[in-house]
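Remember, it's 1-based here, ligands and their atoms both numbered in the order they're listed. What you see is a predicted model; the values in this text were computed from it and never measured. Heads up: numbering here begins at 1 and tracks the sequence.
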Amino acid sequence: MILFRKSADLHNWVETQHKKGKIIGFVPTMGALHPGHISLIEDSKKANDFTVCSIFVNPTQFNDKKDFDRYPITIEQDLELLLGVETDLVFIPAVDEIYPAGEKKEHFELGYLENILEGKYRPGHFQGVCMVVSRLLKIVGPDNFYLGQKDYQQCMVIKKLLELMNIQGKTNIIISPTLREKNGLAMSSRNMRLNEAEKTNAATIYQTLQFIKQNIRPGDLSELKRQAVEKLEMAGFNVDYVEIADAENLHTVTQWDGKQNLVALVAAFLSEVRLIDNLLLQ
Ligand code: AMP
């Protein structure tokens with residue numbers, strides 16, 4: 001496995017491979033890797049000549065400094081996991097490699113997507129995501145770009161970003177399904193901060209999403225959402241939102257016609273740890 005820390009080294013390496021006609025898959029991460037991340041690497045390995053993974057805890061996407069300071073860092077273990085699945089290349093840049101001192105930070109016109117759901121509760125978050133992803137895309141220039149459905153809104157924001165960068169035809173987005181623990185809890189680097197009892201309790205999020213899926217009927221959805229919030233609160237969660245939205249554009253749906261494709265999305269705190277998850281309802 002090749003390890004690069006400098007953007008120019010990675011950029012030149014990818015260019016050389018492209019000249020040889022090789023296809024490059026790219027999996028960006030913030031490290032603290034778990035089987036969910038590894039499933040993205042495996043998906044990339046199946047469809048590309050080379051798979052590049054980046055590990056970079058992006059400071060600009062944390063609206064809460066404490067959350068950034070507490071983000072788990074497990075580099076040794078990450079490298080072992082990446083070696084275990086024969087990742088071709090890992091990119092671990094320093095902050096000033098991605099954000100050179102004095103460089104102006106750009107603004108992205110994300111429209112409606114920016115201020116709903118995660119955007120509403122984490123102001124500035126998606127601007128930070130776009131800053132890092134646009135820079136990584138310029139450095140790597142991958143053919144295939146792998147994202148997890150776990151971060152549903154992020155997938156939509158990044159689709160929009162590719163449009164803004166005008167590279168939709170050059171880079172394909174591939175969305176891999178959410179990997180879960182046996183009890184249904186979506187795997188997440190943040191789960192490391194939960195104790196065993198909390199991990200068991202955290203499965204309530206998935207049970208709540210399943211409850212929505214099983215009980216949704218055409219008509220008004222407010223009572224179903226209220227019951228879902230209640231379930232989470234009874235289990236000790238502090239709920240940011242439970243929302244049911246159009247799966248294609250994330251517009252909130254209050255009255256369901258029984259046909260529109262929907263996704264249910266949850267964000268809630270268990271003690272100090274903020275967890276998100278979602279489930280397609282069809
Ligand atoms: P992160 O390191 O949290 O920024 O995640 C890096 C990528 O892995 C993102 O595209 C995530 O959506 C994806 N990911 C995170 N957790 C999971 C999971 N449980 N299953 C599948 N993909 C995931």
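For residues 132-172, the ring-ring contact (aromatic ring centres under 6.0 Å, His included) pairs, not counting sequence neighbours, are Phe26-Phe145.
In the model, Glu114 has a side-chain atom that pairs as donor or acceptor with a side-chain atom of Gln127 under 3.5 Å.
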Could you go through ligand 1 and note, for every N or O atom, any protein N or O atom closer than 3.5 angstrom, writing the atom names and distance to 0.1 Å, or 'none'?
| from | atom 1 | to | atom 2 | distance (Å) |
| --- | --- | --- | --- | --- |
| ligand 1 | 2 (O) | Met30 | N | 2.9 |
| ligand 1 | 2 (O) | His37 | NE2 | 2.9 |
| ligand 1 | 5 (O) | His37 | NE2 | 3.4 |
| ligand 1 | 10 (O) | Gly148 | N | 2.9 |
| ligand 1 | 12 (O) | Gly148 | N | 3.2 |
| ligand 1 | 12 (O) | Gly148 | O | 3.2 |
| ligand 1 | 12 (O) | Asp151 | OD2 | 2.6 |
| ligand 1 | 16 (N) | Met187 | O | 3.4 |
| ligand 1 | 19 (N) | Leu179 | O | 3.0 |
| ligand 1 | 19 (N) | Met187 | O | 2.8 |
| ligand 1 | 20 (N) | Leu179 | N | 2.8 |

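The pair Arg226-Glu230 counts as a salt bridge, with a side-chain nitrogen and a carboxylate oxygen less than 4.0 angstrom apart. The pair Arg274-Glu118 meets the salt-bridge criterion, since a charged nitrogen lies less than 4.0 angstrom from a carboxylate oxygen. For the pair Arg122 and Asp240, the salt-bridge criterion is not met [side-chain N within less than 4.0 Å of a carboxylate O].
The aromatic rings of Phe56 and Tyr99 sit tilted, their planes meeting at an angle between 30° and 60°.
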